[in-house]
Amino acid sequence: MAQQLATWTQLTKRSALQDMLELTSGSEYISFGLGLPNAEFFPTEQLARSANEVLLQQSNILQYAPPTELLKQQIQLLMGQRGVHCSTSQIFLTAGAQQGINLLARLLLDPGKTVLSEEVTYTGFLQVLEPFQPRILTVPTDPVMGIDVEQVEKILQTEERPACMYVIPSGHNPLSYTLSREKRQRLAQLAAEYEVPIIEDDPYGFLEYEDIEIPAIKSFQSDWVFYVGSFSKILAPGLRLGWIIANEEVIEKLSIAKEATDINTTTLTQQIAANFLQKDEFTKHLLYLRQEYSSRRNCMLDHLSARLGEVGSWTSPTSGIFIWVRFPEYINTMELFRESITTEKVTFFPGNVFAVGQNQISTSSIRLNFSFNNHDKIDEGIARLSRLVKRHI
Ligand SMILES: Cc1ncc(COP(=O)(O)O)c(C=O)c1O
């Protein structure tokens with residue numbers, strides 16, 4: 001039967017993320033692998049109160065329904081913090097950022113077309129591309145400086161016009177960089193000049209730790225940038241809520257693609273989130289998250305310095321939930337990972353998982369998540385990682 005499925009399914013394989021989920025569920029593991037927010041920080045009680053209110057007060061809450069205007073108004077206010085000023089008619093609600101990327105890809109791509117991506121990027125984007133089997137033009141990137149904007153321009157000057165470019169400007173997954181204001185501005189100009197839409201995937205844009213809030217790329221160019229937001233990392237991923245900001249013409253097409261996918265985003269969770277956001281507890285919640293996550297980031301950085309200072313180098317991210325660690329080139333982190341599963345039982349993602357084709361920056365690197373574990377677990381996990389790595393030095 002598998003032979004009869006669509007051609008792209010023959011060319012794809014199960015994602016390493018799924019394998020990781022299964023492998024690391026035992027309590028003997030310390031997981032720095034998945035990009036999970038910490039469940040302790042979900043505002044469960046407040047959300048329960050909101051759920052209670054909306055279920056009891058709104059008679060049609062469990063009915064099919066159009067997108068919730070109140071939630072769009074709250075998102076409109078939030079986007080002001082990212083420098084984006086839009087009307088609620090330019091906000092499209094989705095079941096998370098992943099769905100946002102998926103719907104946009106369906107709007108922008110014809111099978112076999114060309115897409116521009118960094119040489120190391122979020123695997124969820126690559127999965128979205130699979131049914132279209134596009135030619136991927138890869139751009140060099142760097143864990144600190146981010147996407148090489150000059151190379152983007154060179155590619156746009158010389159290659160077939162890509163259907164879109166995909167960018168994660170803040171707290172990049174997996175590289176962890178936050179792109180400078182200048183690079184954002186330049187990317188926005190290039191998008192307009194070469195008429196290549198940018199998918200700006202920004203699930204970490206609100207998790208900023210140094211109070212240097214850099215505006216979204218969308219704030220510099222409204223027509224050629226599609227902004228994708230998410231409540232997964234700042235509220236709870238189980239709500240499955242995100243949004244796209246685009247112009248009204250595009251929103252109309254998105255509605256058609258969305259209806260074909262899941263009819264509408266769950267009204268219940270939209271209303272719960274809107275009720276919670278309206279009470280203005282969210283500002284406090286976000287502040288709390290930023291404090292907690294920056295303290296975990298600092299904890300991981302301190303333990304890395306204390307235990308792996310002589311054998312590796314790493315990023316000091318100013319936003320997001322990841323640190324990118326680089327070891328000497330002779331260390332193959334895929335092998336390190338396989339060994340860790342049976343010996344030290346600390347999990348992480350080998351850089352190769354995120355590579356688009358072969359490249360140097362990924363084979364001896366790993367991505368570590370710092371949001372999921374408490375300080376003690378981070379301490380123990382880095383001690384295990386250090387024992388593992390030192391056996392290979
Ligand atoms: C860069 C990036 N985009 C999108 C997503 C998916 O987010 P959501 O849960 O909103 O679908 C993630 C999740 O980890 C991510 O890291």
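Atoms within a ligand are numbered from 1 in the order they appear, just like the ligands themselves.
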Practice task
Show your working on salt bridge (Lys or Arg N to Asp or Glu O under 4.0 Å) between Asp379 and Arg307 and close with a plain yes or no.
Solution key: CA-CA 10 Å; Asp379 181 5; Arg307 295 182 190 275; 3.3 Å; yes
Practice task
Start with the C-alpha distance between Arg387 and Glu344, add both sets of side-chain angles, then the distance that settles salt bridge (Lys or Arg N to Asp or Glu O under 4.0 Å), and finish with yes or no.
Solution key: CA-CA 8 Å; Arg387 284 199 296 271; Glu344 297 295 345; 2.9 Å; yes
Exercise for the section: Show your working on salt bridge (Lys or Arg N to Asp or Glu O under 4.0 Å) between Arg384 and Glu380 and close with a plain yes or no. Expected result: CA-CA 6 Å; Arg384 293 185 192 188; Glu380 171 61 21; 2.9 Å; yes
Exercise for the section: Given ring pair (Phe, Tyr, Trp, His ring centres under 6.0 Å), test Phe132 with Trp8 step by step and report yes or no. Expected result: CA-CA 8 Å; Phe132 303 96; Trp8 73 268; 9.1 Å; no
Exercise for the section: Could you please spell out the steps behind the ring pair (Phe, Tyr, Trp, His ring centres under 6.0 Å) verdict for Phe41 and Tyr288? Expected result: CA-CA 9 Å; Phe41 305 145; Tyr288 173 63; 5.6 Å; yes
Practice task
For Ile75 and Leu277, run side-chain contact (heavy atoms from CB on, under 4.5 Å): C-alpha distance rounded to whole Å, both residues' side-chain angles, the deciding distance at 0.1 Å, then the answer.
Solution key: CA-CA 9 Å; Ile75 292 171; Leu277 289 163; 5.6 Å; no
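Set against the non-hydrogen atoms of Ser230, the atoms of ligand 1 under 4.0 Å away are 8 (P), 10 (O). Which parts of ligand 1 touch Gln98 is read off a 4.0 Å heavy-atom cut-off, strictly below it: atoms 6 (C), 8 (P), 11 (O). Atom numbering of ligand 1 starts at 1 in the shown order; those under 4.0 Å from a heavy atom of Gly96 are 10 (O), 11 (O).
In Ala97, the parts holding a heavy atom less than 4.0 Å from any atom of ligand 1 are both the side chain and the backbone. Under 4.0 angstrom from ligand 1, the non-hydrogen atoms of Tyr204 all belong to its side chain.
In this structure, Glu150 does not pair ionically with Lys154, as no charged nitrogen and carboxylate oxygen lie closer than 4.0 Å.
Between Lys233 and ligand 1, a contact under 3.5 Å exists for at least one N or O pair. Considering backbone and side-chain atoms alike, Pro203 places every N or O at 3.5 Å or more from each N or O of ligand 1.
For atom 6 (C) of ligand 1, the nearest protein heavy atom (residue, atom name, distance) is Tyr122 OH, 3.4 Å.
With hydrogens and angles ignored, the 3.5 Å screen pairs no side-chain donor or acceptor of Arg367 with any backbone N or O of Phe348.
Ligand 1 has at least one atom lying under 4.0 Å from a heavy atom of Arg240.
The residue among Thr121, Asp201, Thr94 with a heavy atom at the shortest distance from atom 1 (C) of ligand 1 is Asp201. Comparing heavy-atom distances from atom 9 (O) of ligand 1 across Gly320, Gly100, Ser232 singles out Ser232 as nearest.
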